[in-house]
Amino acid sequence: MKLTKFKLSAAAIIVAGSIAVTGCNQEQNSTVSNGEKSAEKQSYSQADVTNFLAQTAQELERLNNEGSKIEWIYQNFITEDTAALSAKAAQEYSEAGVRFALEAAKFDDVEVTAEQRRQLGILKQALVLPAPQDSAKSAELAEIAAELGGMYGKGSYTNAKGEKLSLGQMSAIMANSKDYDELLDVWQGWRQISPDMKPLFEREVELANEGAQGLGYPDLGAMWRSNYDMPADEFGVELDRLWGQVKPLYDALHCHVRAELSEEYGEDKVPLDQPIPAHLLGNMWAQSWGNIYDVVAPENADPGYNVTDQLIKHEYTEIDMVKGAEKFFTSLGFDELPETFWQRSLFTKPADRDVVCHASAWNLDAKDDIRIKMCIQKTGEEFSVIHHELGHNFYQRAYKDQPVYFQGSANDGFHEAIGDTIALSVTPGYLKEIGLIDKVPDESKDIGLLMKMALDKIAFIPFGLLVDQWRWKVFNGEITPENYNTAWWELREKYQGVTAPIERSAEDFDPGAKYHVPGNVPYSRYFLAHILQFEFHKSLCEIAGNEGSIHRCSIYNNKEAGAKLNQVLEMGASQPWQQAHKVITGSEQMDASAVLDYFAPLKVWLDEKNKDRQCGF
């Protein structure tokens, strides 16, 4: 799930395939000596800064609004013409972005207000895919990024029966089939789209690294890590610390899942002392495992309802699902979505054209033109996803009155975490309150519900960490092109205990089969979101006066929790994320112990189940 691009902010979430933000070649811009540069910097005044920020804000608003509209059209009508328009808009945005960054750097030694310093810092650090200022290279990078996005969006697989399968169709097979060979076929089939991406990606890395270096960073990874109100090196250490807190829970879950899959498919296919074959976990990328719940579920854990079945029973349409999610937010005190949301959003996949179906939330005018773009399926999972996406939209609208520089989340993990925090309140109690189920199951069924949640949330956490671990090593040269795929699977085995089901070669490019790699979306935000959401949920439940188990709490209809949430949303990126974090949790430091608290009953159950099993990978 994602946000629209074309937001140059501290929490910039520039996700569309066509985005390319240029950097600058230091050599070309080095026209004065160091001494002359120093003197030049000292000659600027605060008035110069004020004028620069005001003028830049106007241009940013124009670029954001025009670019977002073009990108919306491109992702909804994927053609060569719309790709060209997207690339052109991205190039203009790119060149403006690097110009803003370089001009902002001129004021490093000027005495300014704290707000101005933050705005200047945002301009210097918010680029996601910088290219050298050389116009030919800038255009090349924009075209590469657009082509990569289009290759992913149009990806399909024609199987041995001659059936042309979309990613959605293949994902449905991955979710529902238990046929080992059928799963392997579609797993391989989807990865046929990505080998042709590899030379484009390699060139993209070269150009983006050159741009990052032109802006004073060692490489693009260091530039991405600089966006978190802490030194870049410390950010990586912080992620490792948080992962260390969660890893014992993940290891227990992995041990149980592997044992059950081995029983399902046979120990010859799922050895009990090896990583799990990636195609057996119910998801095209083995990033979440909820679709194999029936294989690994605790005994007697059926809560007595299935949300997908209930949606069908109550004749929910796709629009009804979105209306239901909107009602959650209005129950907290937020205003209803504008009428334009319903007129302009994409809710279902068109039959007559290719679109990017990846669920996304958009704000096209930095005011009230907020939308979602989804190919909604009437499932319980999608119902939660819609709550998540609307979390983005309500966040976008909450900070609309901030200066354009601060129209983003406290850090990019916050935007994802807010949506997921809301989704955590989609509890049995909430479902009963909105009339989707008749009664709340008793606590004896909680282990099953927690298992379902862990298969999605806990299973994802190491994947959320390793995607950028891989890219950072690519950007700094530690992983070379000939080792792209080998290193990808080494990291997947190290962090996830998951392995490729068949031998993969250096010519394969399996990272490209994951949207966020060809789409140039930094991925650490999703790792952070999976930590932050449990912190936020626990704190908001405490504000709401919850006295029961944290996993049973829903903040639905609680205005006090809604007011505290809105306080953070309205801040946007105006303060360091530590301050926004403190508003909800009371602390400036992230803490994964809330994850452990949420899943505590499940951990006890897993430890008991695993006591005679061989664990580890």
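Owing to the predicted nature of the structure, the values given are computational and were not obtained by experimental measurement. Just so you know, residue 1 is the first one in the sequence shown, and it goes up from there.
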Does [X] pair with [Y] as a salt bridge, N-O distance under 4.0 Å?
{"X": "Asp369", "Y": "Lys367", "answer": "no"}
{"X": "Arg471", "Y": "Asp468", "answer": "yes"}
{"X": "Lys457", "Y": "Asp420", "answer": "yes"}

If every non-hydrogen atom of [X] is compared with every non-hydrogen atom of [Y], which pair is closest and at what distance?
{"X": "Asn291", "Y": "Gly282", "value": "ND2-O, 2.8 Å"}
{"X": "Ala325", "Y": "Leu390", "value": "CB-CD1, 3.6 Å"}
{"X": "Gln119", "Y": "Leu53", "value": "OE1-CD1, 3.2 Å"}
{"X": "His581", "Y": "Leu532", "value": "CD2-CD2, 3.6 Å"}
{"X": "Asn283", "Y": "Ser288", "value": "CB-O, 3.1 Å"}

Notebook entry, point to check: Going through the distances and angles, do Glu92 and Arg62 end up as a salt bridge (charged side-chain N to carboxylate O under 4.0 Å, His left out)?
Noted result: CA-CA 11 Å; Glu92 180 185 7; Arg62 179 187 67 81; 3.0 Å; yes
Tell me whether [X] contacts the main-chain N or O of [Y] through its side chain, where contact means a donor paired with an acceptor under 3.5 Å.
{"X": "Trp289", "Y": "Ile458", "value": "no"}
{"X": "Asn546", "Y": "Cys541", "value": "no"}
{"X": "Thr427", "Y": "Cys553", "value": "no"}
{"X": "Glu416", "Y": "Arg525", "value": "no"}
{"X": "Asp412", "Y": "His415", "value": "no"}
{"X": "Asn566", "Y": "Ala563", "value": "no"}
{"X": "Asp229", "Y": "Trp577", "value": "yes"}
{"X": "Thr308", "Y": "Gly380", "value": "yes"}
{"X": "Gln169", "Y": "Ser166", "value": "yes"}
{"X": "Ser384", "Y": "Ala423", "value": "no"}

With the side chain counted from C-beta on, respond yes when [X] and [Y] share a heavy-atom pair under 4.5 Å apart, and no when they do not.
{"X": "Asp438", "Y": "Tyr305", "answer": "no"}
{"X": "Ser554", "Y": "Val426", "answer": "no"}
{"X": "Gln287", "Y": "Tyr526", "answer": "no"}
{"X": "Leu63", "Y": "Phe100", "answer": "yes"}
{"X": "Met374", "Y": "Met321", "answer": "no"}
{"X": "Gln310", "Y": "Leu431", "answer": "no"}
{"X": "Leu565", "Y": "Ile422", "answer": "yes"}
{"X": "Asp196", "Y": "Phe509", "answer": "no"}

Give a yes or no on whether [X] atom [atom1] has more than 12 heavy-atom contacts from other residues, nucleotides or ligands under 6.0 Å away.
{"X": "Lys400", "atom1": "NZ", "answer": "yes"}
{"X": "Glu315", "atom1": "CD", "answer": "no"}
{"X": "Glu80", "atom1": "CD", "answer": "no"}
{"X": "Lys69", "atom1": "NZ", "answer": "yes"}
{"X": "Glu336", "atom1": "CD", "answer": "no"}

Note to self: Would Asn520 and Glu204 count as a side-chain hydrogen bond (donor to acceptor under 3.5 Å, both in side chains) here? Give the steps.
What the structure shows: CA-CA 10 Å; Asn520 300 304; Glu204 183 179 67; 3.1 Å; yes
[X] side, atom [atom1]; [Y] side, atom [atom2] - distance, nearest 0.5 Å:
{"X": "Lys432", "Y": "Lys439", "atom1": "NZ", "atom2": "NZ", "answer": "11.0 Å"}
{"X": "Ile70", "Y": "Tyr74", "atom1": "CD1", "atom2": "OH", "answer": "13.0 Å"}
{"X": "Thr330", "Y": "Lys323", "atom1": "OG1", "atom2": "NZ", "answer": "10.5 Å"}
{"X": "Lys327", "Y": "His387", "atom1": "NZ", "atom2": "NE2", "answer": "11.0 Å"}
{"X": "Leu346", "Y": "Cys357", "atom1": "CG", "atom2": "SG", "answer": "7.5 Å"}
{"X": "Met571", "Y": "Gln579", "atom1": "CE", "atom2": "CD", "answer": "7.0 Å"}

Next item on the list: Go through the steps for Ile370 and Trp362 under the test side-chain contact (heavy atoms from CB on, under 4.5 Å), then give the verdict.
Entry: CA-CA 5 Å; Ile370 49 180; Trp362 298 65; over 6 Å; no
Check: Between Glu71 and Ser86, does a side-chain hydrogen bond (donor to acceptor under 3.5 Å, both in side chains) hold up when you go through it step by step?
Finding: CA-CA 6 Å; Glu71 191 61 26; Ser86 175; 2.7 Å; yes
Next item on the list: Look at the aromatic rings of Tyr556 and Tyr430 and report parallel, tilted or perpendicular, splitting at 30° and 60°.
Entry: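 Rings of Tyr556 and Tyr430: perpendicular, as their planes differ by over 60°.
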Check: Can you say whether the rings of Tyr152 and Trp190 are parallel (under 30°), tilted (30 to 60°) or perpendicular (over 60°)?
Finding: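 If you compare the ring of Tyr152 with that of Trp190, the planes turn out perpendicular.
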Item checked: Residue among Ser345, Ser360, Pro338, Ser68 satisfying side chain to side chain contact (heavy atoms under 4.5 Å, CB included) with Arg371 ->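 With Arg371 as partner, Ser345, Ser360, Pro338, Ser68 yield a single side chain to side chain contact (heavy atoms under 4.5 Å, CB included), made by Ser345.
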Margin query: Applying side-chain hydrogen bond (donor to acceptor under 3.5 Å, both in side chains) to Glu95 and Gln91, what does each step give before you reach the verdict?
Written below: CA-CA 6 Å; Glu95 291 170 349; Gln91 184 179 358; 3.1 Å; yes
Next item on the list: Report the residue from Phe328, Tyr395, Phe394 that forms a ring-ring contact (aromatic ring centres under 6.0 Å, His included) with Phe334.
Entry: Phe394
Note to self: side-chain contact (heavy atoms from CB on, under 4.5 Å) for Phe341 and Glu326? Distances and angles first, verdict last.
What the structure shows: CA-CA 11 Å; Phe341 172 88; Glu326 178 195 33; over 6 Å; no
Margin query: Pair Leu200, Met197 - check side-chain contact (heavy atoms from CB on, under 4.5 Å), show working.
Written below: CA-CA 5 Å; Leu200 293 171; Met197 295 179 183; 5.5 Å; no
Next item on the list: Apply side-chain contact (heavy atoms from CB on, under 4.5 Å) to the pair Lys373 and Gln75, showing each step before the final yes or no.
Entry: CA-CA 9 Å; Lys373 181 177 61 58; Gln75 292 204 20; 3.3 Å; yes
Next item on the list: Could you check Gln396 against Asn393 for side-chain hydrogen bond (donor to acceptor under 3.5 Å, both in side chains), going step by step and ending with a plain yes or no?
Entry: CA-CA 5 Å; Gln396 290 165 328; Asn393 285 144; 2.9 Å; yes
Note to self: Quick check with a 6.0 Å cut-off and a 45 degree axis cone: is Arg118 positioned over the face of Tyr405's six-membered ring?
What the structure shows: no
Item checked: side chain to side chain contact (heavy atoms under 4.5 Å, CB included) partners of Lys559, counting only residues at least two apart ->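 Lys559: side chain to side chain contact (heavy atoms under 4.5 Å, CB included) contacts with Asn557.
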